[in-house]
**Q** 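For reference, the structure I am asking about is given below.
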Amino acid sequence: MQRRPAVAAALAVVPALGHAYLRRWSRGVAWLALLAGSLLVFVGVFGVAGAGGVALSTVRVADVASTTGLRFLVPLAVVLSLSAMDAYVLARREARTTAITCPRCRREVDLSLDFCWYCSIEFDYVRQER
């Protein structure tokens with residue numbers, strides 16, 4: 001079955017969901033692990049123990065929350081956008097390699113069927129493989 005690239009990219013905004021749509025389970029788990037790892041690295045690097053040597057009581061909580069929020073949102077957005085682009089490219093590559101045209105009507109057909117959906121011609125090569 002041919003998967004749509006736009007749907008795969010839209011679903012990939014949720015971690016590993018676009019790759020699950022494409023049935024690329026290990027790649028989806030790898031993107032999910034990359035997302036979790038990058039967030040853990042940025043939590044360790046930009047932990048909120050203090051604000052550059054200034055006591056935490058003198059810094060406004062809203063300023064600390066907004067700067068740390070941006071520090072977490074940027075890597076999150078980068079990893080999710082790269083995951084969406086990867087799912088889109090995979091779906092495009094899969095659609096390009098599995099497209100076969102019918103000899104009679106010249107429309108693209110599904111490889112899992114042994115006949116053309118549009119003109120109902122039966123394919124001999126599918127019967128020979130079974």
Side-chain angles (χ1 to χ4, degrees):
M1 182 172 153
Q2 186 176 355
R3 307 284 183 202
R4 298 176 188 257
V7 174
L11 289 174
V13 173
V14 177
L17 194 57
H19 292 89
Y21 171 72
L22 296 173
R23 301 195 191 282
R24 301 286 184 113
W25 307 109
S26 59
R27 202 164 187 147
V29 170
W31 277 107
L32 190 60
L34 179 67
L35 177 69
S38 65
L39 286 179
L40 287 175
V41 165
F42 280 93
V43 166
V45 170
F46 298 116
V48 188
V54 180
L56 190 58
S57 61
T58 61
V59 177
R60 290 185 357 187
V61 175
D63 292 339
V64 173
S66 67
T67 57
T68 56
L70 280 177
R71 290 178 181 160
F72 296 128
L73 286 178
V74 169
L76 177 72
V78 167
V79 170
L80 289 179
S81 63
L82 288 175
S83 172
M85 286 190 315
D86 181 51
Y88 180 80
V89 168
L90 282 175
R92 291 278 301 198
R93 187 181 308 153
E94 181 180 297
R96 188 176 11 171
T97 58
T98 60
I100 291 182
T101 58
C102 174
R104 182 188 292 172
C105 66
R106 302 286 181 218
R107 293 185 181 174
E108 290 184 7
V109 295
D110 188 8
L111 293 178
S112 62
L113 300 175
D114 58 348
F115 63 94
C116 177
W117 179 262
Y118 302 103
C119 66
S120 70
I121 187 175
E122 292 187 19
F123 302 129
D124 294 331
Y125 67 88
V126 177
R127 263 190 239 116
Q128 292 172 358
E129 291 178 3
R130 288 182 183 173

**Q** What are the two closest heavy atoms between A16 and G28, and how far apart are they?
**A**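 Answer, listing the atom of A16 first, then G28: CB-O, 3.2 Å.
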**Q** Are L82 and V29 joined in one hydrophobic group, where the rule is that I, L, V, M, F, W and Y side chains link up if heavy atoms are under 4.5 Å apart?
**A**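 Different hydrophobic clusters.
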**Q** Applying a strict under-4.5 Å side-chain criterion to I, L, V, M, F, W and Y, I'd like to know whether L90 and L17 cluster together.
**A**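 Linked, L90 and L17 end up in one cluster.
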**Q** Measuring from R106:CZ to C119:SG, what's the distance to the nearest 0.5 Å?
**A**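 The CZ atom of R106 sits 10.5 Å away from the SG atom of C119.
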**Q** Between L34 and M85, is there shared hydrophobic-cluster membership here, with clusters defined by ILVMFWY side-chain heavy atoms closer than 4.5 Å?
**A**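 In one cluster with L34: M85, yes.
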**Q** Find the distance between OH (Y118) and CD (E108) and round it off to the nearest 0.5 Å.
**A**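 If I round to the nearest 0.5 Å, the distance is 8.0 Å.
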**Q** I need the minimum non-hydrogen distance between W31 and D86, along with the two atoms involved.
**A**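 Shortest heavy-atom contact: NE1-OD2, 2.9 Å.
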**Q** How close do P5 and R92 get, heavy atom to heavy atom, and via which atoms?
**A**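 Here P5 and R92 meet closest at CG-CD, 3.6 Å.
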**Q** Indicate the atoms forming the closest heavy-atom contact of A12 with A84, along with that distance.
**A**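 Reported closest heavy-atom pair: CB-CA, 3.5 Å.
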**Q** Under 4.5 Å between side-chain heavy atoms, counting indirect links through other Ile/Leu/Val/Met/Phe/Trp/Tyr residues: same cluster for W25 and L22 or not?
**A**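 In one cluster: no.
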**Q** Using the side-chain contact (heavy atoms from CB on, under 4.5 Å) criterion, which residues pair with V13? Sequence neighbours excluded.
**A**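 If we apply the side-chain contact (heavy atoms from CB on, under 4.5 Å) test to V13, skipping adjacent residues, there are no hits.
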**Q** Could you grab the distance from atom NE2 of H19 to atom OG of S83, nearest 0.5 Å is fine?
**A**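 These two atoms lie 4.5 Å from each other.
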**Q** Are V7 and V14 connected in a single hydrophobic cluster, I mean Ile/Leu/Val/Met/Phe/Trp/Tyr linked by side-chain heavy atoms less than 4.5 Å apart?
**A**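 They do share one cluster, since a chain of ILVMFWY contacts under 4.5 Å joins V14 to V7.
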